[in-house]
There are 2 protein chains.
Amino acid sequence: MPLPPALPDGGLRVVALGGLGEVGRNMTVLETQGRLLVIDCGVLFPEDHHPGVDLILPDLEYLEDRIDRVEAIVLTHGHEDHIGAVPYLLRMKADIPLIGSQLTLALIEAKLREHRIKPYTLGVKEGQREKLGVFDLEFVAVNHSIPDALAVMVRTKAGSVLHTGDFKMDQLPLDGRLTDLRAFARLGEEGVDLFLTDSTNAEVPGFTTPERDIAPAIDTVFRGARRRVIVACFSSHVHRVQQVLDAAARNGRKVAMVGRSMVRNMGIAAELGYLYVPDGVLVDVKKLDDLPDDQVVLVCTGSQGEPMAALSRMANRDHRIDVGEGDTVLLASSLIPGNENAVYRVINGLMVLGATVVHKGNAKVHVSGHASAGELLYCYNIVKPKHVMPVHGEWRHLVANADLAVKTGVPRENVLVTMNGGVVDLVKGRARLVGEVPIGFIYVDGSSVGETTEALLKDRRILRDEGFITCIAVIDRATGKIAAGPEITARGFAEDQAVFDQVIPKVEQALAEATGNGVRDEHQLQQVMRRTIGGWVGGKLRRRPMIIPVVIEA
Amino acid sequence: MPLPPALPDGGLRVVALGGLGEVGRNMTVLETQGRLLVIDCGVLFPEDHHPGVDLILPDLEYLEDRIDRVEAIVLTHGHEDHIGAVPYLLRMKADIPLIGSQLTLALIEAKLREHRIKPYTLGVKEGQREKLGVFDLEFVAVNHSIPDALAVMVRTKAGSVLHTGDFKMDQLPLDGRLTDLRAFARLGEEGVDLFLTDSTNAEVPGFTTPERDIAPAIDTVFRGARRRVIVACFSSHVHRVQQVLDAAARNGRKVAMVGRSMVRNMGIAAELGYLYVPDGVLVDVKKLDDLPDDQVVLVCTGSQGEPMAALSRMANRDHRIDVGEGDTVLLASSLIPGNENAVYRVINGLMVLGATVVHKGNAKVHVSGHASAGELLYCYNIVKPKHVMPVHGEWRHLVANADLAVKTGVPRENVLVTMNGGVVDLVKGRARLVGEVPIGFIYVDGSSVGETTEALLKDRRILRDEGFITCIAVIDRATGKIAAGPEITARGFAEDQAVFDQVIPKVEQALAEATGNGVRDEHQLQQVMRRTIGGWVGGKLRRRPMIIPVVIEA
């Protein structure tokens, strides 16, 4: 794909800086009349081919030379993959207003406090309409696995864009807050030029099960538990925790929250009225010793097997909650692809300690937060958009979502499937993919942002698989002869240093030959060392460690 | 658990050296009257916490001082997790006879040829009875995802052990070879003291779908494919490849095998009559250019996303088969937990190239090779064993299998759930867990076997996540002062060498101070370097790379 042409006057440009071709770091930029609107700004959690990386950000570089033209950031809901990168975006310009619902803003404000940023915010509610410069925004209630999620309709002179955010269409939601299909219908009748829809579950046939349908399974767990019940779930899943509180109240148990993010988020949710805490059900974790085990429920994080979270540490006996015989652990959560080994490691560990473990593999204790294929069909038929751009998902999800849109009658050429950086221009009522801007990964690694490069990660992957060998020789500055060494240090390669007794004489000889021939150039001598060691480990040991020859003059 | 006592006279001991608490490296050792019988000897494929390891072997060390007492190795079937470690066991003693069915022996012989080992073998068939010293063996047909699998009944003076191997109970198998429940019934009536059963699918309720039930889904794929069909599956799954050949014949397509192991194994299976090749269906991959795309089927490996296998290379455009628009890729395989990211990476890659990808997530194109809970219940009720020892599986699988045995009436105390190394003694008709021998991992890493240690892997994990910093200083032998350096080399830590400009003066100063105070000891000086660099990276960069200080005298 070529770079895009300039946006024609009166046109609207849509570019995703993250979230297309991956699950996470969702971020979409709308541009018209020289002004920009950002929808969501989330993080992506790294996989095994990003070793050592803490977080991956959307490619904020795209905004660098246009940051002054950003009107606002709309946050559709409070999940990390939609708000997690906001602190990094605000480092570029601190006063861009954040627009979102009450709970979403409370969660991002708590996060920004940790980064010592006090943002400008504009709280909005479903049904509310706000004009921000050239963007006329209307917010629509959607149902998701966190309360207070919003879709956003963006009206511009160039046309209108409806972005669902993450959503599903639970018809019997716990809090009664439905995805507002009446609003979708009204907006559809008015005319939606471009419909951006959540693709996460587009491959899943049928309909996502209502959240309340897992209540019986949770009750069964509570009734059958002999000692403590330990529930692990996402620290933002207010409805899931609500179900746990309700089940605890029904079964005469008290609930304690464990873990910083769980305590913080549920505190916010309860304070704002999104979480209803039955009288006297909540206790401080420090008071648990006063209660008999069969009256205790713990709610903690770690449902994805994260090694530092409470549940993993319990499985490793590295937590003050000592799980044992008769305890029941309930993983009331999804199993995100890629986390299987870690999660099953935790499950096996807890079972070896004697606990019973209930999870989505053996009981109906989790439902997804995303619309399945059947729900997406409803959406397309109600909105009848002119164009569709699937967002949020790997390529396979985007393609599946596109196929659904086509099935409902959207012409194939009006369904725009693209990776991050694909540039969609809406001009004179017609949306087309006009080019591509390069989109990279920005890695957060310790306190560094954007300094960890692909080359560095490639080095780490080699080090991970093969370790390294450093070979050091000191050359006498005066004579050009070897003054000390060669000395070999290796890590991740061989335990027994004696293995190098075979190669050190070879390196010594090769160096003596080279220096004897008058070679003084450091790089040439390093090449001699690298070749000698490389030939030996490759040929004899069938290994390919990183080899770092060092020549020092002294 | 304590070490086990000596085996009482007239007793039978059972110890698993692999396969309990993990999926892979299955190996069980039976011992009675001073003689040993090994059942299976497989490999385990490493996960992400074993970086760089090629294979993991059962702990063969247990056999080291008793290798001369091993009567034979029974191989229940030809899968890698049951035969893959045989070459390493035969390195300890080359003339231990291998006992197995025709196909199993053909596969292990092909593998051993690569290791330049010619084994002693004894081919057996279902129904056959063979006396090997104190072990009286009877072989029973079982159905699995590879033909010619066997269970084995071991009669000894101390009692009888029935080991299922891997199995399921397809009631309509493609080759008509059923798991022989009439034999299970007869052996049960005779009396089975200890029943070792495959736990892999014990958590899965109901019954495993018959292999032939996926034929319609495969036919649908073939009929709908516009250009080539590319099927990926395990290179040992003869029945699956049979279905592909049959579907190709029905749909007027020719089949080419791609990849060394696929070509080799299917050649063996066809030659021995386990794979029926319809006339003229098979073509050489080199002849494909002569055929129109819509008459072509390719069968290849790589269904688990293995980076070097044919399918991954096709997805990366690194294979001479150039997948494109209109091609259909069929992953007719399981998705082994832990491989999700790799597999979805391949699926997305193929889809980006324009291929349609059909897999178990979106069509009924795979069934498991293992008995589900319902089938295991049948087994327990037919055999009515006195004792049960669940084998093959993670802890959660073993526990689920144990629960099934208990449900059918086996007393809980007679169901022996243990990890690798748990020692089960059958004495006077009573089997009990009497102790534990330590079982470690033997890693194959390049050409080294058993030299890669846990400490080494820990180093690799640090290198993977954080990289390393080497700091070198040359000390003048005569004066004890710094003669050159400190010089820093780092990999996987920072791209820009300039970052060290901040810390090199600090190290220099610290070293000058120490040497000025007369410190000459290499380790003390190294400590000074390590502390200075460690404080800087930890405090300022919030990172914890491996730090390797080197002091050289010259």
Side-chain angles (χ1 to χ4, degrees), chain A residues 21 47-49 51-52 203 337-338 340-341 344 347-348 351-352 357 361-362 394-396 399-400 419 445-448 451-453 455-457 459-468 470 472 474 476 483-485 487 489 491-496 540-543 546 548 550 552-554, chain B residues 21 47-49 51-52 203 337-338 340-341 344 347-348 351-352 357 361-362 394-396 399 419 445-448 451-453 455-457 459-468 470 472 474 476 483-485 487 489 491-496 499 540-543 546 548 550 552-554:
Chain A
E47 289 177 14
D48 51 355
H49 55 296
E203 283 190 322
E340 287 80 3
N341 285 345
Y344 287 126
I347 290 175
N348 284 314
M351 288 179 73
V352 168
V357 183
N362 57 21
E394 298 171 21
W395 187 255
R396 62 195 173 103
V399 168
M419 290 289 202
D445 191 353
S447 65
S448 87
E451 287 167 22
T452 296
T453 59
L456 207 69
L457 293 181
D459 279 352
R460 285 189 189 163
R461 288 190 290 260
I462 296 171
L463 291 169
R464 167 189 75 187
D465 291 342
E466 300 282 357
F468 73 90
T470 304
I472 306 165
V474 181
D476 189 301
E487 213 171 84
T489 306
R491 290 289 188 286
F493 174 75
E495 187 84 13
D496 187 0
K540 193 158 162 88
L541 306 180
R542 303 219 318 262
R543 299 269 298 278
M546 191 177 281
I548 299 134
V550 180
I552 299 186
E553 287 207 343
Chain B
E47 288 177 12
D48 52 356
H49 55 298
E203 282 190 323
E340 287 79 2
N341 284 347
Y344 287 127
I347 290 176
N348 284 315
M351 287 178 74
V352 168
V357 183
N362 58 22
E394 298 171 21
W395 188 254
R396 63 194 172 102
V399 168
M419 290 288 201
D445 192 353
S447 65
S448 87
E451 287 167 22
T452 296
T453 59
L456 208 68
L457 293 181
D459 279 353
R460 285 189 191 164
R461 288 190 289 260
I462 296 172
L463 291 170
R464 167 189 73 188
D465 291 342
E466 300 282 359
F468 72 91
T470 303
I472 306 165
V474 180
D476 189 302
E487 213 171 84
T489 306
R491 290 290 187 285
F493 174 76
E495 187 84 12
D496 186 359
V499 71
K540 194 160 161 87
L541 305 180
R542 303 221 318 261
R543 299 270 298 278
M546 192 177 281
I548 299 133
V550 180
I552 298 185
E553 287 207 341

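What you see is a predicted model, and the numbers here were worked out from it, not measured in a lab. Naming: A, B, ... by sequence-line order, numbering from 1 per chain.
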What is the distance from atom [atom1] of [X] to atom [atom2] of [Y], rounded to the nearest 0.5 Å?
X	Y	atom1	atom2	answer
A:Asp48	B:Arg464	CG	CZ	9.0 Å
B:Asn341	A:His49	CG	NE2	7.5 Å
B:Asp496	A:Glu451	CG	CD	8.0 Å

Identify which part of [X] has an atom lying under 4.5 Å from any heavy atom of chain A, answering side chain, backbone, both or neither.
X	answer
B:Glu394	both
B:Arg396	both
B:Asp476	neither

For [X] and [Y], which heavy atoms make the closest approach, and how far apart are they?
X	Y	answer
A:Ala484	B:Ile552	CB-CG2, 3.5 Å
B:Phe493	A:Arg460	O-NH2, 4.4 Å
A:Val474	B:Ala554	CG1-CB, 3.9 Å

* Asked: Relative to chain A, which of B:Ala483, B:Ala455, B:Gly446 shows the most heavy atom pairs under 4.5 Å?
  -> B:Gly446

* Close side-chain approach of A:Thr470 and B:Thr489, heavy atoms under 4.5 Å ->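 Contact flag for A:Thr470/B:Thr489 side chains = no.
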
* **Any side-chain heavy-atom pair of B:Arg491 and A:Ile462 under 4.5 Å** =>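 No; the side chains remain at least 4.5 Å from each other.
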
Quick one: which of [options] has the most heavy-atom pairs under 4.5 Å with chain B, could you say?
options	value
A:Glu203, A:Met546, A:Met419, A:Glu340	A:Glu340
A:Val550, A:Ile347, A:Val352	A:Val352
A:Asp459, A:Ile472, A:Asn348	A:Asn348
A:Leu457, A:Thr453, A:Val357	A:Thr453

* **Segment of A:Ala400 engaging chain B (4.5 angstrom heavy-atom cut-off)** =>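 The answer is neither part of A:Ala400.
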
* Apply side chain to side chain contact (heavy atoms under 4.5 Å, CB included) to B:Ile548 and A:Phe468, showing your working. => CA-CA 12 Å; B:Ile548 299 133; A:Phe468 73 90; 3.3 Å; yes

